[in-house]
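Reminder, nothing fancy here: chain letters follow the sequence lines and each chain counts from 1. For clarity, every value in this text was computed on a predicted model and none was experimentally measured.
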There are 2 protein chains.
Amino acid sequence: MRAVERKFRRTGYAGTSVDDIAKAGGLGRGSLYAAFGDKNTLYLETLSAYCDRNEAGWAAVLDGPDDTALERLRAYLVKSARFVHEDPDGLGCMVTGFVVEGVDHDPRAEARVRQALASIGRSLTECVRAAQRHGDLDPEADAAEVAHLLMAVNRGMEVMARAGLDTAALDRVCDHAFQGLPLTARARSLWVPRSAATP
Amino acid sequence: MRAVERKFRRTGYAGTSVDDIAKAGGLGRGSLYAAFGDKNTLYLETLSAYCDRNEAGWAAVLDGPDDTALERLRAYLVKSARFVHEDPDGLGCMVTGFVVEGVDHDPRAEARVRQALASIGRSLTECVRAAQRHGDLDPEADAAEVAHLLMAVNRGMEVMARAGLDTAALDRVCDHAFQGLPLTARARSLWVPRSAATP
DNA sequence: ACAGTTCTGGACCGCTTCGTCAAAAACCCT
DNA sequence: AGGGTTTTTGACGAAGCGGTCCAGAACTGT
């Protein structure tokens, strides 16, 4: 039920009533409770389905051969930068919404979210390693740490987008973040056509 | 009323009832309404006070002479990395909470938050310029864009912290983010005592 | 076509919510 | 000490909440 997911993403868990959900989903309250039994479980199910799509989506962006791994990392950043503003309603990631909404989390939902983040982290780490193998990223760098940085930039750009930072500025943030990766000299010369750094 | 602020930060706007607030603030509902008139306004007032402290706090971290500007930028990142886990209850920034909670914002609160972000952005930009003047950051870099990147990393590390990333990992993210700044060779040699990059 | 089963939807219940109000407590100034 | 003013309070009402339930619609297999 995609409309329900969007409703949750728009107004959060606490800010969404079961009536809202029923209206958004186009069915009555009884049917909802018959299918899920609980607002909590309904949210969990929605969140889990969202995570499934999210993990698969990022994996599709990041999986591939070594020689394009750096491009894929760049694509990850670009997609992150545009995530919110590309959404028709400017909705952000449901995982971010869940994580930020409160500290008293349903443990099942928290576990699901951690699993999703771990999955994306794995895809990113593998892609970083691929870029290292291809000589585009410093082989000394810890791939998992670089992945964590990329995830943080992803979430950070999302928050900034939700706060009103426009697409152009976010694209520039994305550029700086990419340039900030531990690129090898070769990769840097390929990705920065003309630089004033080597006179 | 600091307890009220913490209650809002813990459970969000929609997740906090006026009774909760009254209990947290140690006074009755009537008094609350007499003083603020509205849950919305009460939240706005709390948020605004929080923003005041936040802006001042970051400005205190970032203001100073050119020769320590880069250190201050590093301090900004380190403090960002530890923000959540240093809080006794692991609470995050109220601004992030507000921004992420929903898309249908009270325009007054949204304006206040944008003002706060602009203020922090100004402090950061000025600090970046100071570091550029001192020859620690590439003078070609756009200071405002670097500031935006730093703000994004700040928010991103907060979200990752809320998602469960531990302090040690966050410190490493912070290190990588700092190394990713457009440091001049001089600054890099000062901040990275031994590097394998210059054989 | 029809009986049995599944699914749907809105009425319903008890509880919590936000906001109001009059009574009581606290305070103040001389 | 005491009269007047401000502040605090807990009870109150209407509305909204999550969750239950059952009459009727829709679908199934034959």
Side-chain angles (χ1 to χ4, degrees), chain A residues 1-50 89 91 94 97-113, chain B residues 1-50 89 91 94 97-113:
Chain A
M1 207 56 73
R2 199 63 166 271
V4 174
E5 172 201 301
R6 293 189 68 75
K7 183 63 189 156
F8 270 130
R9 283 168 66 191
R10 172 180 285 278
T11 51
Y13 177 80
T16 307
S17 77
V18 179
D19 282 322
D20 293 337
I21 299 164
K23 213 169 292 176
L27 37 79
R29 322 169 49 71
S31 313
L32 268 184
Y33 276 95
F36 299 99
D38 204 340
K39 185 191 176 187
N40 238 305
T41 316
L42 167 55
Y43 180 81
L44 174 66
E45 222 89 356
T46 310
L47 177 66
S48 193
Y50 177 87
D89 304 313
L91 300 184
M94 191 174 185
F98 168 78
V99 162
V100 172
E101 177 152 5
V103 285
D104 317 308
H105 286 314
D106 172 22
R108 292 176 301 168
E110 178 155 350
R112 184 62 190 85
V113 156
Chain B
M1 206 56 75
R2 200 62 168 273
V4 175
E5 173 202 300
R6 293 189 68 75
K7 184 63 190 158
F8 271 130
R9 284 168 66 191
R10 172 181 284 277
T11 50
Y13 177 81
T16 308
S17 78
V18 179
D19 283 320
D20 293 337
I21 300 164
K23 212 169 293 176
L27 37 80
R29 326 170 47 69
S31 313
L32 270 183
Y33 278 95
F36 300 99
D38 204 339
K39 185 191 175 186
N40 238 305
T41 318
L42 167 57
Y43 180 80
L44 174 66
E45 223 88 356
T46 310
L47 177 66
S48 193
Y50 177 86
D89 305 313
L91 301 184
M94 192 176 184
F98 168 79
V99 162
V100 172
E101 177 153 5
V103 284
D104 318 308
H105 286 314
D106 171 23
R108 293 177 298 169
E110 177 156 349
R112 182 65 191 84
V113 156

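Listed by chain and number, the residues in a side-chain contact (heavy atoms from CB on, under 4.5 Å) with A:Ile21 are A:Val4, A:Phe8, A:Thr16, A:Leu32, A:Leu42 (sequence neighbours excluded). Residues passing the side-chain contact (heavy atoms from CB on, under 4.5 Å) test with B:Asp104 are A:Arg10, A:Thr11, sequence neighbours excluded. Legend: residues meeting side-chain contact (heavy atoms from CB on, under 4.5 Å) with B:Asn40, ordered by chain and number and at least two apart, are B:Tyr13, B:Asp38, B:Asp106, B:Arg108. Residues passing the salt bridge (charged side-chain N to carboxylate O under 4.0 Å, His left out) test with A:Glu45: none are found, sequence neighbours excluded. Remark: B:Ser48 pairs with B:Arg112 by the side-chain contact (heavy atoms from CB on, under 4.5 Å) rule, at least two apart or across chains.
The interatomic distance linking A:Tyr33 (OH) with C:dG10 (P) rounds to 16 Å, in whole Å. Rounded to whole angstrom, the span from the CG atom of A:Asn40 across to the C1' atom of D:dG19 amounts to 13 Å. Per the geometry, CZ belonging to B:Phe36 stands 15 Å off P belonging to C:dC18, to the nearest Å. One interatomic measurement links the two molecules: CD1 of B:Ile21 to C1' of C:dT16, which rounds to 14 Å at whole-angstrom precision. Put simply, CG on B:Leu32 is 10 Å from P on D:dT8, counting in whole angstrom units.
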Query - Residue pair B:Leu47, B:Glu5: steps toward the side-chain contact (heavy atoms from CB on, under 4.5 Å) verdict - result: CA-CA 7 Å; B:Leu47 177 66; B:Glu5 173 202 300; over 6 Å; no
Report task. Take B:Arg6 and B:Asp89 through the test side-chain contact (heavy atoms from CB on, under 4.5 Å) and record every step on the way to the result. Result -> CA-CA 9 Å; B:Arg6 293 189 68 75; B:Asp89 305 313; 2.9 Å; yes
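Of the residues in residues 98-106 of chain A, not one comes within less than 4.0 Å of DNA chain D through any heavy atom.
Contact detail for A:His105 and A:Val99: the closest heavy-atom pair is NE2-O, 3.5 Å. Taking all atoms of both residues into account, the shortest heavy-atom contact from A:Ala24 to A:Ala3 is O-CB, 3.3 Å.
Sorted by first then second residue, the side chain to side chain donor-acceptor pair (under 3.5 Å) pairs that include residues 17-27 of chain A, not counting sequence neighbours, are A:Ser17-A:Asp20, A:Asp19-A:Arg29. Sorted by first then second residue, the ring pair (Phe, Tyr, Trp, His ring centres under 6.0 Å) pairs that include residues 15-35 of chain B, not counting sequence neighbours, number zero.
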Check nucleotides 26-28 of chain C against the protein and report each pair of N or O atoms closer than 3.5 Å, with its distance, or say if there are none.
none

Restricting to nitrogen or oxygen on both sides, can you table the protein-nucleotides 11-17 of chain D pairs closer than 3.5 Å?
none

What nitrogen or oxygen pairs link the protein and nucleotides 5-7 of chain D at under 3.5 Å?
none

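The backbone N or O of A:Glu101 lies less than 3.5 Å from no partner atom in the side chain of B:Glu101, so there is not a single donor-acceptor pair.
Two residues are said to be in side-chain contact when any heavy atoms from C-beta on lie closer than 4.5 Å; B:Tyr43 and B:Met94 meet this criterion.
In this structure, CZ in B:Arg2 is found 11.5 Å from OG1 in B:Thr46, a value given to the nearest 0.5 Å.
Annotation: the terminal axes of the helix from C:dA1-D:dT30 to C:dT30-D:dA1 meet at 30°, where each axis is the rotation carrying the C1' atoms of four end pairs onto the next four (5 pairs per end, rounded to 10°).
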